> 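Handing you this structure, nothing more for now.
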Amino acid sequence: MSSEILPPKEIALSNILPSEPLLLMGAGPVPIPHAVAQANGVVINHLGDTMDQVIQRVKLMSQYAFQTRSDKIIGVAGPASAAMEMAITNVLWPGKKVLIIEMGTFSNRFGEMAEAIGADVDYLSTSSENEYTPPPAITLAHVKKKLSETQYDVVTMVQGETSCGMYNSILPDIAAEAKNHGALVIVDAVCTLSTMPLKMDAWGLDIVVTGGQKGLSSIPGVSVLAFSETAWNIVETRDNQCPHWCLDATRAQKFWGHQQYHYTAPVPGVLALHEALRLICTETLEKRFERHELSSKALQAGLEAMGLTLFVKEEHRLNSVVAIHLPEGADSAAIRDYMVERFNVEISGAFGLNIIRIGQMGEQCRSHNLFKVLYALGMSFKKNGFEVDIAKGMAALETNLVRDLDHFVD
Ligand SMILES: *Cc1c(COP(=O)(O)O)cnc(C)c1O
């Protein structure tokens, strides 16, 4: 046997990529607009004048998206989880107490991160009891009780829990309670930013985190977060070191605030983010929220008319990611595989819950994508031996979209 290490064979990407890109209708990443894809193909000097202008504009447009006047807006070379970790590790350390409002995988992730750096972590848990039921909704009374028992430095929560399709509709009330209590409020708006209202300043949120590949319809791997003045004050005055070098907000602010070197910025990803934000500014938040709500509600009506059951009751249902209950005996992988093979459409399974999920974030909320995913899902259920009324579902989707045709931006 030769000891030489030879180059592997059959390594053309085209061997493994589908001949036509799949339509990504799952819980993220989502399809990106052409302008975003084009920008993502460009590399420029990360410290030059052009990059300075790009950063200034990304910050200005982010202020609009987050609805904040704070200029402490920082991009992160990393997934949304890295931005979550920047939030956690810059305002928490051993001896600090945090309350994690838990609705599922992503809200819980804040807790895992806080535990890892030795903060004192408490959970207000409303996780699902079994795979067939969504977690019970958090009430303000639960939160008030927790806050009355312990003095917390920080409260964390999600706006939308992607893993189970739940919407945290009382987020502004929880934030107000936490503020009264003297705690900082950290919010994960990864799947929701720019898909539904979020008012960072008006609601008194201290750190808001988002990723690229969900609501913003940019690429995965470049994320952004905003700090309030109160939060920034804690970051600046801490007398111990942030345990992460890359995620140290003070170091990152050298680049995002003062155009100085921290690490080499993910230039193409920042340019892509610029374009994603520009499209949001051009569309306006108001129209974008309307498009998301209309699309998602029409899809939900179509799914129900087809005979399927939605996992979360309407009052707590997230529009950005719609969770569908799997009927008895349905195989999640088989349903999704047929959609890929036959229709080139991909949707998501779930972490441990008996659901499949369809995303309604950014470019996913276009009528042509809705018709395609609903039809593909219906056909796949049929193929797998389940009774669904495809025609009725498609008709309900159409009626709901057309009813508001004047408002529909497509
Ligand atoms: C997707 C998602 C995350 C994690 O994003 P990554 O880019 O995979 O790290 C966090 N929170 C929510 C609500 C999400 O939907």
Side-chain angles (χ1 to χ4, degrees), residues 24-32 36 40 65-66 74-89 100-114 116 126-127 134-135 138 156-169 171 174 185-196 198 205 207-226 244 246-247 266 269-270 272-273 276 292 296 311-312 316-323 346-353 355-365:
L24 300 174
M25 293 299 281
V30 308
I32 54 174
V36 171
N40 190 46
F66 286 89
I74 295 182
V76 178
S81 302
M84 291 168 75
E85 199 149 32
M86 180 183 270
I88 292 289
T89 55
I100 309 288
I101 295 175
E102 191 192 357
M103 298 160 65
T105 309
F106 293 113
S107 37
N108 184 48
R109 190 167 289 179
F110 275 134
E112 294 174 14
M113 291 169 173
T126 64
S127 300
I138 305 155
T156 72
M157 60 188 149
V158 293
Q159 184 175 33
E161 179 53 73
T162 317
S163 62
C164 62
M166 272 190 90
Y167 172 45
N168 181 5
S169 60
L171 186 151
I174 300 176
V185 178
I186 301 182
V187 171
D188 168 339
V190 177
C191 74
T192 51
L193 196 83
S194 89
T195 76
M196 62 176 63
L198 178 136
L205 313 180
I207 309 182
V208 179
V209 176
T210 202
Q213 79 278 23
K214 308 261 177 94
L216 299 186
S217 260
S218 185
I219 60 155
V222 176
S223 309
V224 58
L225 71 170
H244 292 292
C246 286
L247 297 179
V270 175
L273 184 63
H292 279 81
S296 187
F311 188 58
V312 180
H316 302 298
R317 191 181 300 151
L318 181 62
N319 282 334
S320 324
V321 178
V322 179
E346 194 169 64
I347 64 169
S348 297
F351 314 107
L353 294 169
I355 55 175
I356 47 178
R357 297 171 300 155
I358 300 181
Q360 282 294 276
M361 299 175 281
E363 290 307 297
Q364 293 176 322
C365 297

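Both counts, for ligands and for their atoms, begin at 1 and track the order of listing. A quick note: this is a predicted structure, and the numbers were derived from the prediction, not measured.
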> With a 4.5 Å heavy-atom cut-off, do P135 and M166 have their side chains touching?
yes
> Is any side-chain heavy atom of D188 closer than 4.5 Å to one of F106?
yes
> Any heavy-atom pair between the side chains of S81 and M113 that's under 4.5 Å?
yes
> Just so I know, are the side chains of Q159 and L193 near enough to count as touching, which here means a heavy-atom distance under 4.5 Å?
no
> Under 4.5 Å between any side-chain heavy atoms of I88 and F110, yes or no?
yes
> What residues form a side chain to side chain donor-acceptor pair (under 3.5 Å) with S194, not counting sequence neighbours?
R288
> Would you check ligand 1 and list the protein residues that come within less than 4.0 Å of it by any heavy atom, ordered by chain and number?
P79, A80, S81, M84, F106, R109, G160, T162, D188, V190, C191, Q213, K214
